[in-house]
Amino acid sequence: MKKVCEFISKLPKWVKVISPIALLVILFVIGAAASMPETFPEDAIVSVRNESHGIYYKNRAFVEISTMNNFSDATVKRINVNKGILDQNAVNTNFYSAESLDPRYVLLKRNYKGDLSIYVSFSEIPLYKGKDLYENILHLSENTVSFNYQIRKSRVFSEYDYYYLKKENETLFKELFAYLNEADFAYRESFEEVKDESLDSPPYYIECEFENGFVYNIRLYEGGYVVPCGAGDICQKIPDEMYNKLEALLSDESSGEYGGNDYQNEPITDIENLKNTEDLKRYLPTYLPGEIIVDYRGVVSAEFEIRDVYLYYAYDLETGRITQADNMSVYYTHNNSGYGITANIIKKNSAHYFNEHNKTVKIEDFTLDWLYSNCEVSKTVKVGVDDEIKVYSCHISVDFGEAEVRIDTLQLSLEEVYKMVKSINP
(Lines give C-alpha, C1' and ligand atoms only; values in the text may rest on other atoms or scores of the structure.)
Protein backbone atom coordinates (compact mmCIF):
# COMPACT_ATOMS: atom_id res chain seq x y z
CA MET A 1 0.00 0.00 0.00
CA LYS A 2 2.91 2.31 0.85
CA LYS A 3 4.47 1.70 -2.56
CA VAL A 4 1.17 2.50 -4.29
CA CYS A 5 0.90 5.81 -2.42
CA GLU A 6 4.52 6.67 -3.32
CA PHE A 7 3.76 5.88 -6.97
CA ILE A 8 0.71 8.11 -7.00
CA SER A 9 2.61 10.97 -5.33
CA LYS A 10 5.16 10.94 -8.18
CA LEU A 11 2.48 11.22 -10.89
CA PRO A 12 2.16 14.55 -12.79
CA LYS A 13 -0.45 16.95 -11.38
CA TRP A 14 -2.70 16.81 -14.50
CA VAL A 15 -2.94 13.03 -14.19
CA LYS A 16 -4.06 13.35 -10.58
CA VAL A 17 -6.82 15.78 -11.64
CA ILE A 18 -8.34 13.74 -14.48
CA SER A 19 -7.95 10.29 -12.90
CA PRO A 20 -11.13 10.49 -10.74
CA ILE A 21 -13.12 11.73 -13.73
CA ALA A 22 -11.80 8.95 -15.93
CA LEU A 23 -12.64 6.42 -13.26
CA LEU A 24 -16.24 7.68 -13.08
CA VAL A 25 -16.58 7.48 -16.87
CA ILE A 26 -15.26 3.89 -16.86
CA LEU A 27 -17.68 2.90 -14.08
CA PHE A 28 -20.60 4.53 -15.95
CA VAL A 29 -19.80 2.67 -19.17
CA ILE A 30 -19.50 -0.64 -17.31
CA GLY A 31 -22.82 -0.02 -15.53
CA ALA A 32 -24.59 0.94 -18.75
CA ALA A 33 -23.29 -2.14 -20.50
CA ALA A 34 -24.50 -4.31 -17.65
CA SER A 35 -28.00 -2.80 -17.84
CA MET A 36 -28.35 -3.26 -21.59
CA PRO A 37 -30.71 -6.07 -22.57
CA GLU A 38 -29.01 -9.26 -23.59
CA THR A 39 -29.60 -10.67 -27.04
CA PHE A 40 -32.72 -12.77 -27.19
CA PRO A 41 -32.25 -16.51 -26.73
CA GLU A 42 -32.32 -18.43 -30.00
CA ASP A 43 -35.39 -20.41 -28.97
CA ALA A 44 -37.44 -17.32 -27.98
CA ILE A 45 -40.28 -16.00 -30.12
CA VAL A 46 -40.01 -12.21 -30.54
CA SER A 47 -42.75 -10.15 -32.15
CA VAL A 48 -41.45 -7.37 -34.38
CA ARG A 49 -42.20 -3.74 -33.59
CA ASN A 50 -45.25 -2.42 -35.45
CA GLU A 51 -44.72 1.20 -36.45
CA SER A 52 -47.71 1.54 -38.76
CA HIS A 53 -49.63 3.56 -36.18
CA GLY A 54 -49.65 4.39 -32.50
CA ILE A 55 -47.27 6.17 -30.14
CA TYR A 56 -43.90 5.83 -28.45
CA TYR A 57 -43.47 5.69 -24.70
CA LYS A 58 -40.04 5.18 -23.17
CA ASN A 59 -38.70 4.16 -26.57
CA ARG A 60 -41.31 1.43 -26.98
CA ALA A 61 -43.83 1.39 -29.81
CA PHE A 62 -47.48 1.06 -28.71
CA VAL A 63 -50.33 0.23 -31.09
CA GLU A 64 -54.07 0.55 -30.52
CA ILE A 65 -55.86 -2.81 -30.37
CA SER A 66 -59.42 -2.00 -29.23
CA THR A 67 -61.75 0.41 -27.45
CA MET A 68 -63.44 -0.24 -24.14
CA ASN A 69 -67.21 0.06 -24.53
CA ASN A 70 -67.88 1.80 -21.22
CA PHE A 71 -66.70 4.77 -19.17
CA SER A 72 -64.45 2.78 -16.90
CA ASP A 73 -62.25 3.88 -14.00
CA ALA A 74 -59.41 1.62 -15.16
CA THR A 75 -57.03 4.58 -15.51
CA VAL A 76 -54.53 5.34 -12.73
CA LYS A 77 -52.01 8.04 -13.61
CA ARG A 78 -51.30 10.33 -16.53
CA ILE A 79 -48.46 9.23 -18.80
CA ASN A 80 -46.62 11.94 -20.73
CA VAL A 81 -46.48 10.53 -24.22
CA ASN A 82 -44.77 13.14 -26.36
CA LYS A 83 -43.90 11.31 -29.54
CA GLY A 84 -46.29 9.86 -32.06
CA ILE A 85 -45.14 7.30 -34.62
CA LEU A 86 -46.81 9.04 -37.53
CA ASP A 87 -46.66 12.58 -36.17
CA GLN A 88 -43.24 12.97 -34.59
CA ASN A 89 -44.27 16.29 -33.04
CA ALA A 90 -47.49 15.02 -31.45
CA VAL A 91 -47.93 15.79 -27.76
CA ASN A 92 -50.66 13.80 -26.00
CA THR A 93 -51.74 14.42 -22.42
CA ASN A 94 -54.64 11.97 -22.26
CA PHE A 95 -52.67 8.71 -22.01
CA TYR A 96 -52.80 6.84 -18.70
CA SER A 97 -51.42 3.78 -16.99
CA ALA A 98 -53.95 0.98 -16.50
CA GLU A 99 -55.02 -0.46 -13.18
CA SER A 100 -53.13 -3.69 -12.30
CA LEU A 101 -51.17 -3.65 -15.59
CA ASP A 102 -47.55 -2.64 -16.27
CA PRO A 103 -47.29 0.64 -18.26
CA ARG A 104 -44.32 -0.82 -20.12
CA TYR A 105 -46.84 -2.99 -21.96
CA VAL A 106 -50.32 -1.44 -21.65
CA LEU A 107 -51.53 2.19 -21.81
CA LEU A 108 -55.03 3.67 -22.00
CA LYS A 109 -56.09 6.75 -23.93
CA ARG A 110 -59.13 8.73 -22.76
CA ASN A 111 -61.08 9.72 -25.86
CA TYR A 112 -63.31 12.68 -26.59
CA LYS A 113 -66.59 11.00 -25.65
CA GLY A 114 -65.17 9.48 -22.48
CA ASP A 115 -64.43 5.94 -23.68
CA LEU A 116 -60.94 4.42 -23.54
CA SER A 117 -58.68 3.13 -26.29
CA ILE A 118 -56.28 0.35 -25.38
CA TYR A 119 -52.66 0.56 -26.54
CA VAL A 120 -50.23 -2.34 -26.10
CA SER A 121 -46.53 -2.94 -26.69
CA PHE A 122 -45.82 -6.65 -26.98
CA SER A 123 -42.99 -6.23 -29.46
CA GLU A 124 -39.35 -7.05 -28.86
CA ILE A 125 -39.91 -9.17 -25.75
CA PRO A 126 -39.01 -12.89 -25.56
CA LEU A 127 -42.02 -15.21 -25.57
CA TYR A 128 -42.04 -18.97 -25.20
CA LYS A 129 -45.46 -20.08 -23.99
CA GLY A 130 -48.80 -18.31 -23.84
CA LYS A 131 -48.46 -17.59 -20.13
CA ASP A 132 -45.50 -15.29 -20.87
CA LEU A 133 -48.04 -12.91 -22.41
CA TYR A 134 -51.47 -13.86 -21.07
CA GLU A 135 -50.41 -14.27 -17.43
CA ASN A 136 -47.05 -12.62 -16.77
CA ILE A 137 -48.08 -9.40 -18.54
CA LEU A 138 -51.90 -9.35 -18.74
CA HIS A 139 -52.79 -11.55 -15.71
CA LEU A 140 -55.91 -12.79 -17.51
CA SER A 141 -56.80 -15.68 -15.19
CA GLU A 142 -56.57 -13.38 -12.18
CA ASN A 143 -58.50 -10.43 -13.62
CA THR A 144 -61.07 -11.84 -16.08
CA VAL A 145 -64.63 -11.72 -14.74
CA SER A 146 -66.55 -12.35 -17.98
CA PHE A 147 -66.05 -13.41 -21.59
CA ASN A 148 -67.47 -11.89 -24.76
CA TYR A 149 -67.05 -12.72 -28.42
CA GLN A 150 -67.52 -11.32 -31.91
CA ILE A 151 -68.61 -13.21 -35.01
CA ARG A 152 -67.72 -11.90 -38.44
CA LYS A 153 -70.73 -10.98 -40.58
CA SER A 154 -68.91 -9.49 -43.54
CA ARG A 155 -65.26 -9.93 -44.42
CA VAL A 156 -65.37 -7.11 -46.94
CA PHE A 157 -66.45 -4.48 -44.40
CA SER A 158 -64.97 -6.16 -41.27
CA GLU A 159 -68.46 -6.16 -39.79
CA TYR A 160 -69.15 -8.17 -36.63
CA ASP A 161 -71.99 -9.19 -34.33
CA TYR A 162 -71.13 -8.87 -30.65
CA TYR A 163 -72.24 -11.30 -27.90
CA TYR A 164 -71.90 -11.48 -24.11
CA LEU A 165 -71.15 -15.11 -23.25
CA LYS A 166 -73.62 -16.66 -20.80
CA LYS A 167 -72.11 -17.76 -17.50
CA GLU A 168 -73.08 -21.40 -18.00
CA ASN A 169 -70.94 -21.51 -21.16
CA GLU A 170 -67.72 -20.13 -19.65
CA THR A 171 -66.11 -23.53 -19.00
CA LEU A 172 -64.96 -23.99 -22.59
CA PHE A 173 -63.45 -20.50 -22.77
CA LYS A 174 -61.55 -21.11 -19.51
CA GLU A 175 -60.26 -24.40 -20.91
CA LEU A 176 -59.12 -22.53 -24.03
CA PHE A 177 -57.01 -20.03 -22.10
CA ALA A 178 -55.65 -22.73 -19.80
CA TYR A 179 -54.45 -24.57 -22.90
CA LEU A 180 -53.05 -21.40 -24.50
CA ASN A 181 -51.04 -20.65 -21.35
CA GLU A 182 -49.10 -23.89 -21.75
CA ALA A 183 -49.00 -23.93 -25.57
CA ASP A 184 -45.85 -22.79 -27.36
CA PHE A 185 -45.78 -19.65 -29.47
CA ALA A 186 -44.56 -19.89 -33.07
CA TYR A 187 -44.22 -17.41 -35.88
CA ARG A 188 -47.43 -17.11 -37.89
CA GLU A 189 -45.56 -17.49 -41.17
CA SER A 190 -44.68 -21.05 -40.14
CA PHE A 191 -48.37 -22.06 -40.48
CA GLU A 192 -49.43 -22.29 -44.13
CA GLU A 193 -53.12 -22.23 -43.16
CA VAL A 194 -52.99 -18.82 -41.47
CA LYS A 195 -49.83 -16.98 -42.55
CA ASP A 196 -51.67 -14.94 -45.20
CA GLU A 197 -54.90 -14.39 -43.27
CA SER A 198 -55.98 -10.80 -42.61
CA LEU A 199 -55.45 -9.49 -39.11
CA ASP A 200 -58.38 -7.11 -39.55
CA SER A 201 -61.11 -9.67 -40.18
CA PRO A 202 -60.67 -13.04 -38.43
CA PRO A 203 -63.77 -15.26 -38.20
CA TYR A 204 -63.94 -14.76 -34.43
CA TYR A 205 -62.68 -12.53 -31.65
CA ILE A 206 -62.71 -13.90 -28.10
CA GLU A 207 -62.59 -11.27 -25.41
CA CYS A 208 -61.62 -11.27 -21.72
CA GLU A 209 -63.22 -8.49 -19.69
CA PHE A 210 -61.93 -7.26 -16.32
CA GLU A 211 -64.06 -5.93 -13.48
CA ASN A 212 -62.84 -2.39 -14.20
CA GLY A 213 -63.97 -2.67 -17.85
CA PHE A 214 -60.57 -3.39 -19.42
CA VAL A 215 -60.80 -5.86 -22.30
CA TYR A 216 -58.29 -7.97 -24.16
CA ASN A 217 -59.12 -10.15 -27.12
CA ILE A 218 -57.52 -12.83 -29.27
CA ARG A 219 -58.19 -13.69 -32.89
CA LEU A 220 -59.46 -17.21 -33.64
CA TYR A 221 -59.06 -18.53 -37.18
CA GLU A 222 -60.50 -21.60 -38.90
CA GLY A 223 -58.69 -24.77 -37.92
CA GLY A 224 -57.85 -23.51 -34.43
CA TYR A 225 -55.13 -20.93 -35.01
CA VAL A 226 -54.95 -18.22 -32.36
CA VAL A 227 -53.22 -14.86 -32.87
CA PRO A 228 -52.85 -12.54 -29.86
CA CYS A 229 -53.95 -8.95 -30.48
CA GLY A 230 -50.99 -6.60 -30.43
CA ALA A 231 -48.56 -9.26 -31.69
CA GLY A 232 -49.87 -10.19 -35.10
CA ASP A 233 -46.82 -12.08 -36.34
CA ILE A 234 -46.99 -14.83 -33.72
CA CYS A 235 -49.48 -17.65 -33.36
CA GLN A 236 -50.61 -20.73 -31.44
CA LYS A 237 -52.45 -23.87 -32.56
CA ILE A 238 -55.17 -25.49 -30.44
CA PRO A 239 -56.31 -29.13 -30.87
CA ASP A 240 -58.93 -29.83 -33.53
CA GLU A 241 -61.33 -31.23 -30.93
CA MET A 242 -61.19 -28.02 -28.89
CA TYR A 243 -61.64 -25.87 -32.01
CA ASN A 244 -64.68 -27.89 -33.14
CA LYS A 245 -66.31 -27.39 -29.73
CA LEU A 246 -65.57 -23.67 -29.83
CA GLU A 247 -66.96 -23.31 -33.34
CA ALA A 248 -70.16 -25.12 -32.34
CA LEU A 249 -70.53 -22.90 -29.27
CA LEU A 250 -69.87 -19.66 -31.17
CA SER A 251 -72.24 -20.52 -34.01
CA ASP A 252 -75.11 -21.22 -31.56
CA GLU A 253 -76.95 -17.91 -30.98
CA SER A 254 -78.23 -19.14 -27.63
CA SER A 255 -74.67 -19.27 -26.24
CA GLY A 256 -74.61 -15.55 -25.52
CA GLU A 257 -76.67 -12.40 -25.19
CA TYR A 258 -76.67 -10.34 -28.39
CA GLY A 259 -74.86 -7.04 -27.89
CA GLY A 260 -75.48 -5.39 -31.24
CA ASN A 261 -73.48 -4.87 -34.37
CA ASP A 262 -71.76 -1.63 -33.36
CA TYR A 263 -71.53 -2.15 -29.63
CA GLN A 264 -68.74 0.35 -29.01
CA ASN A 265 -70.95 3.26 -30.00
CA GLU A 266 -74.29 2.15 -28.62
CA PRO A 267 -76.45 5.22 -28.01
CA ILE A 268 -78.43 5.67 -24.83
CA THR A 269 -82.06 5.95 -25.92
CA ASP A 270 -83.96 6.12 -22.64
CA ILE A 271 -83.96 9.71 -21.38
CA GLU A 272 -85.54 8.80 -18.04
CA ASN A 273 -82.73 6.42 -17.11
CA LEU A 274 -79.78 8.72 -17.82
CA LYS A 275 -77.55 8.80 -14.76
CA ASN A 276 -75.89 11.88 -13.28
CA THR A 277 -77.30 14.20 -15.93
CA GLU A 278 -79.72 16.37 -13.95
CA ASP A 279 -77.75 19.49 -14.90
CA LEU A 280 -78.14 18.54 -18.55
CA LYS A 281 -81.66 17.11 -18.59
CA ARG A 282 -83.17 20.36 -17.36
CA TYR A 283 -82.12 22.00 -20.64
CA LEU A 284 -83.97 19.48 -22.79
CA PRO A 285 -86.81 21.05 -24.79
CA THR A 286 -90.17 19.82 -23.55
CA TYR A 287 -91.90 20.73 -26.82
CA LEU A 288 -91.56 18.26 -29.67
CA PRO A 289 -92.08 19.71 -33.17
CA GLY A 290 -95.32 18.90 -34.92
CA GLU A 291 -94.72 19.90 -38.53
CA ILE A 292 -92.06 19.72 -41.18
CA ILE A 293 -91.44 21.16 -44.63
CA VAL A 294 -91.34 18.55 -47.37
CA ASP A 295 -90.73 19.07 -51.06
CA TYR A 296 -93.87 19.47 -53.20
CA ARG A 297 -96.17 18.71 -50.25
CA GLY A 298 -95.37 21.88 -48.35
CA VAL A 299 -95.81 21.89 -44.58
CA VAL A 300 -97.01 18.53 -43.28
CA SER A 301 -97.69 17.21 -39.80
CA ALA A 302 -94.98 15.14 -38.18
CA GLU A 303 -94.56 13.22 -34.95
CA PHE A 304 -91.02 13.71 -33.73
CA GLU A 305 -89.42 11.56 -31.06
CA ILE A 306 -86.02 11.27 -29.42
CA ARG A 307 -84.08 8.52 -31.12
CA ASP A 308 -80.47 8.77 -29.87
CA VAL A 309 -78.81 10.34 -26.87
CA TYR A 310 -75.03 10.54 -26.55
CA LEU A 311 -73.25 11.61 -23.38
CA TYR A 312 -69.81 13.21 -23.31
CA TYR A 313 -67.89 12.94 -20.06
CA ALA A 314 -65.44 15.21 -18.29
CA TYR A 315 -62.51 13.54 -16.55
CA ASP A 316 -59.72 14.35 -14.13
CA LEU A 317 -56.62 15.19 -16.18
CA GLU A 318 -54.13 13.62 -13.74
CA THR A 319 -55.91 10.31 -13.12
CA GLY A 320 -58.10 10.00 -16.21
CA ARG A 321 -61.08 9.12 -13.99
CA ILE A 322 -64.54 10.16 -15.16
CA THR A 323 -66.08 12.96 -13.10
CA GLN A 324 -69.40 13.78 -14.73
CA ALA A 325 -71.35 14.02 -17.96
CA ASP A 326 -71.00 17.60 -19.14
CA ASN A 327 -72.34 17.48 -22.70
CA MET A 328 -75.36 15.73 -24.16
CA SER A 329 -76.23 15.32 -27.81
CA VAL A 330 -79.88 14.51 -28.52
CA TYR A 331 -81.15 13.50 -31.95
CA TYR A 332 -84.85 13.87 -32.74
CA THR A 333 -86.31 12.15 -35.76
CA HIS A 334 -89.60 11.97 -37.62
CA ASN A 335 -90.59 8.32 -37.98
CA ASN A 336 -86.90 7.37 -38.42
CA SER A 337 -86.86 9.36 -41.64
CA GLY A 338 -84.07 11.58 -42.84
CA TYR A 339 -85.66 14.64 -41.28
CA GLY A 340 -83.89 15.19 -38.02
CA ILE A 341 -83.04 17.73 -35.35
CA THR A 342 -79.84 17.71 -33.31
CA ALA A 343 -79.80 19.46 -29.94
CA ASN A 344 -76.43 19.72 -28.20
CA ILE A 345 -76.61 20.69 -24.53
CA ILE A 346 -73.23 21.90 -23.32
CA LYS A 347 -72.25 23.19 -19.88
CA LYS A 348 -70.06 26.29 -19.96
CA ASN A 349 -67.30 24.63 -17.91
CA SER A 350 -67.42 21.52 -20.07
CA ALA A 351 -64.17 19.83 -21.04
CA HIS A 352 -65.84 19.49 -24.43
CA TYR A 353 -66.82 23.13 -24.73
CA PHE A 354 -65.87 24.35 -28.17
CA ASN A 355 -66.84 27.26 -30.34
CA GLU A 356 -68.79 26.54 -33.47
CA HIS A 357 -69.89 28.80 -36.28
CA ASN A 358 -73.42 28.84 -34.92
CA LYS A 359 -75.05 32.21 -34.41
CA THR A 360 -75.30 32.78 -30.64
CA VAL A 361 -77.98 34.66 -28.72
CA LYS A 362 -78.80 35.04 -25.03
CA ILE A 363 -82.14 33.54 -24.07
CA GLU A 364 -83.51 36.94 -23.03
CA ASP A 365 -82.81 38.27 -26.54
CA PHE A 366 -84.14 35.22 -28.36
CA THR A 367 -87.13 35.99 -30.57
CA LEU A 368 -88.74 34.65 -33.72
CA ASP A 369 -87.52 37.74 -35.58
CA TRP A 370 -83.96 36.97 -34.46
CA LEU A 371 -84.33 33.47 -35.88
CA TYR A 372 -85.42 34.73 -39.28
CA SER A 373 -82.56 37.21 -39.32
CA ASN A 374 -79.88 34.66 -38.43
CA CYS A 375 -80.93 31.53 -40.28
CA GLU A 376 -80.17 31.20 -43.98
CA VAL A 377 -82.59 30.18 -46.71
CA SER A 378 -81.29 26.91 -48.13
CA LYS A 379 -83.90 26.54 -50.86
CA THR A 380 -87.38 27.54 -51.98
CA VAL A 381 -90.04 24.87 -52.33
CA LYS A 382 -92.80 25.31 -54.90
CA VAL A 383 -96.19 24.13 -53.71
CA GLY A 384 -98.92 23.99 -56.31
CA VAL A 385 -98.83 26.52 -59.13
CA ASP A 386 -98.25 29.85 -57.39
CA ASP A 387 -97.24 29.18 -53.76
CA GLU A 388 -93.65 29.05 -52.51
CA ILE A 389 -92.22 28.08 -49.12
CA LYS A 390 -88.77 29.05 -47.93
CA VAL A 391 -86.73 26.29 -46.27
CA TYR A 392 -84.26 27.59 -43.69
CA SER A 393 -81.01 26.09 -42.55
CA CYS A 394 -80.92 26.55 -38.78
CA HIS A 395 -77.62 26.44 -36.83
CA ILE A 396 -78.03 28.45 -33.65
CA SER A 397 -76.72 28.54 -30.06
CA VAL A 398 -78.93 29.83 -27.27
CA ASP A 399 -77.04 30.95 -24.17
CA PHE A 400 -78.81 30.07 -20.91
CA GLY A 401 -75.98 31.26 -18.66
CA GLU A 402 -74.59 28.01 -17.25
CA ALA A 403 -75.14 26.09 -20.46
CA GLU A 404 -75.72 26.48 -24.17
CA VAL A 405 -78.34 24.71 -26.23
CA ARG A 406 -77.39 24.34 -29.89
CA ILE A 407 -80.03 23.47 -32.43
CA ASP A 408 -79.10 22.20 -35.89
CA THR A 409 -81.79 21.27 -38.37
CA LEU A 410 -83.04 21.57 -41.92
CA GLN A 411 -86.58 21.18 -43.24
CA LEU A 412 -88.09 22.30 -39.93
CA SER A 413 -90.04 25.55 -39.88
CA LEU A 414 -88.48 28.29 -37.75
CA GLU A 415 -91.72 28.63 -35.82
CA GLU A 416 -91.20 25.06 -34.58
CA VAL A 417 -87.56 25.80 -33.66
CA TYR A 418 -88.76 28.82 -31.69
CA LYS A 419 -91.30 26.73 -29.76
CA MET A 420 -88.65 24.14 -28.93
CA VAL A 421 -86.24 26.68 -27.46
CA LYS A 422 -88.93 28.57 -25.53
CA SER A 423 -90.12 25.31 -23.95
CA ILE A 424 -86.81 25.01 -22.07
CA ASN A 425 -87.32 26.13 -18.48
CA PRO A 426 -84.20 25.27 -16.43
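The residues of the chain are indexed from 1 along the displayed sequence.
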Please test I118 against M68 for side-chain contact (heavy atoms from CB on, under 4.5 Å), starting from the C-alpha separation and ending with a verdict.
CA-CA 7 Å; I118 300 171; M68 295 164 61; 3.5 Å; yes
Test log, rule side chain to side chain donor-acceptor pair (under 3.5 Å), inputs D161 and Q150
CA-CA 6 Å; D161 279 333; Q150 300 175 53; over 6 Å; no
Please assess V46 against I125 for the test side-chain contact (heavy atoms from CB on, under 4.5 Å), listing each intermediate value before the final yes or no.
CA-CA 6 Å; V46 182; I125 55 175; over 6 Å; no
Run the side-chain contact (heavy atoms from CB on, under 4.5 Å) test on I345 and L284 for me, step by step, so that the C-alpha distance in whole Å, both residues' side-chain angles and the decisive distance to 0.1 Å come before the verdict.
CA-CA 8 Å; I345 302 165; L284 274 175; 3.7 Å; yes
Under the side-chain contact (heavy atoms from CB on, under 4.5 Å) criterion, do L172 and L246 qualify, and how do the steps go?
CA-CA 7 Å; L172 185 55; L246 278 168; 3.9 Å; yes
Could you please spell out the steps behind the salt bridge (Lys or Arg N to Asp or Glu O under 4.0 Å) verdict for K390 and E376?
CA-CA 10 Å; K390 293 179 180 179; E376 297 179 357; over 6 Å; no
Go through the steps for R307 and T333 under the test side chain to side chain donor-acceptor pair (under 3.5 Å), then give the verdict.
CA-CA 6 Å; R307 189 180 75 176; T333 188; 4.9 Å; no
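The residue from Y204, Y243, F191, F185 that alone fulfils the ring-ring contact (aromatic ring centres under 6.0 Å, His included) condition with Y225 is F191. A ring-ring contact (aromatic ring centres under 6.0 Å, His included) with Y119 is found for exactly one of F62, F95, Y105, Y96, namely F95.
Shown here are the salt bridge (Lys or Arg N to Asp or Glu O under 4.0 Å) partners of D73, two or more places apart in sequence or in another chain: there are none. Looking at residues two or more places apart in sequence or on another chain, you find no side chain to side chain donor-acceptor pair (under 3.5 Å) involving Y163. Scanning for side chain to side chain donor-acceptor pair (under 3.5 Å) contacts around E257 gives an empty result, with sequence neighbours left out. S255 is linked by a side chain to side chain donor-acceptor pair (under 3.5 Å) to nothing, counting only residues two or more places apart in sequence or in another chain. Remark: E175 engages no residue in a side chain to side chain donor-acceptor pair (under 3.5 Å) (not counting sequence neighbours). K58 meets the salt bridge (Lys or Arg N to Asp or Glu O under 4.0 Å) test with no other residue; sequence neighbours excluded. Every residue two or more places apart in sequence or in another chain that forms a ring-ring contact (aromatic ring centres under 6.0 Å, His included) with Y205 is listed here: Y160. Residues passing the salt bridge (Lys or Arg N to Asp or Glu O under 4.0 Å) test with D102 are R104, sequence neighbours excluded. Partners of F122 under the ring-ring contact (aromatic ring centres under 6.0 Å, His included) rule, at least two apart in sequence or in another chain, do not exist in this structure. Residues passing the salt bridge (Lys or Arg N to Asp or Glu O under 4.0 Å) test with D399, sequence neighbours excluded: K348.
Surrounding CD of E193 are more than 12 heavy atoms belonging to other residues, nucleotides or ligands, all under 6.0 Å away. Open room surrounds CD on E222; 12 or fewer heavy atoms of other groups in view lie less than 6.0 Å from it. Within a 6.0 Å radius of CD in E168, other residues, nucleotides and ligands contribute more than 12 heavy atoms. Within 6.0 Å of CD in E415 there are more than 12 heavy atoms belonging to other residues, nucleotides or ligands. The local environment of NZ in K166 is crowded, with over 12 non-hydrogen atoms from other residues, nucleotides or ligands closer than 6.0 Å.
Ring geometry for F177 against F147 counts as parallel: the plane angle stays under 30°, on a 0 to 90° scale with 60° as the upper cut. Between F210 and F214, the ring-plane angle classifies as tilted under the 30° and 60° cut-offs.
Judged by distance alone, the side chain of S97 and the main-chain N or O of K77 form a donor-acceptor pair under 3.5 Å. Remark: side-chain polar atoms of Y332 are not paired, donor with acceptor, to backbone N or O of P289 under 3.5 angstrom. Side-chain atoms of R188 do not come within 3.5 Å of backbone N or O of V227 as any donor-acceptor pair. A donor-acceptor distance shorter than 3.5 angstrom exists from the side chain of T75 to the backbone of T319, with no hydrogens or angles considered. The closest donor-acceptor contact from the side chain of T342 to the backbone of V330 lies at 3.5 Å or more, if one exists at all. The backbone N or O of I346 sits nowhere less than 3.5 Å from a side-chain atom of E404 that would complete a donor-acceptor pair. Side-chain atoms of R219 do not come within 3.5 Å of backbone N or O of P203 as any donor-acceptor pair. Side-chain atoms of Y221 come within 3.5 Å of backbone atoms of S198 as a donor-acceptor pair (strictly under, hydrogens ignored). With hydrogens and angles disregarded, no donor-acceptor distance shorter than 3.5 Å links the side chain of R110 to the backbone of Y315. At distances below 3.5 Å, not a single donor-acceptor pair connects side-chain atoms of D132 with backbone N or O atoms of L127.
In this structure, the side chains of N143 and E211 stay at 4.5 Å or more apart for every pair of heavy atoms. Between T380 and V391 the shortest side-chain heavy-atom distance does not fall below 4.5 Å. At a threshold of 4.5 Å between non-hydrogen side-chain atoms, the residues Y216 and L140 count as touching. Counting heavy atoms from C-beta outward, I45 and P126 have side chains that stay 4.5 Å or more apart. Side-chain atoms of Y57 and I79, non-hydrogen and from C-beta on, do get closer than 4.5 Å to each other.
Residues P202 and D200 come closest through the heavy atom pair CD-C, 3.6 Å. In terms of heavy-atom proximity, D252 sits nearest to Y149 at O-OH, 4.3 Å. The heavy-atom pair separating E124 from R60 by the smallest distance is O-NH1, 4.5 Å.
The closest side-chain donor-acceptor pair between D316 and T323, if any, does not fall under 3.5 angstrom.
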Atom pairs and distances, donor-acceptor, side-chain atoms in residues 417-426, under 3.5 Å, two or more places apart:
unit_1, atom_1, unit_2, atom_2, d
S423, OG, T286, N, 3.0
S423, OG, Y287, N, 3.0
S423, OG, M420, O, 2.7

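Look at R282 and E402 and you find a salt bridge, because one of the NZ, NE, NH1 or NH2 atoms lies within 4.0 Å of a carboxylate O, short of that distance. Note on K129 versus E182: no salt bridge recorded, every NZ/NE/NH1/NH2 to OD/OE distance being 4.0 Å or above.
Screening residues 235-251 for salt bridge (charged side-chain N to carboxylate O under 4.0 Å, His left out), with sequence neighbours left out, gives K237-D240, E241-K245.
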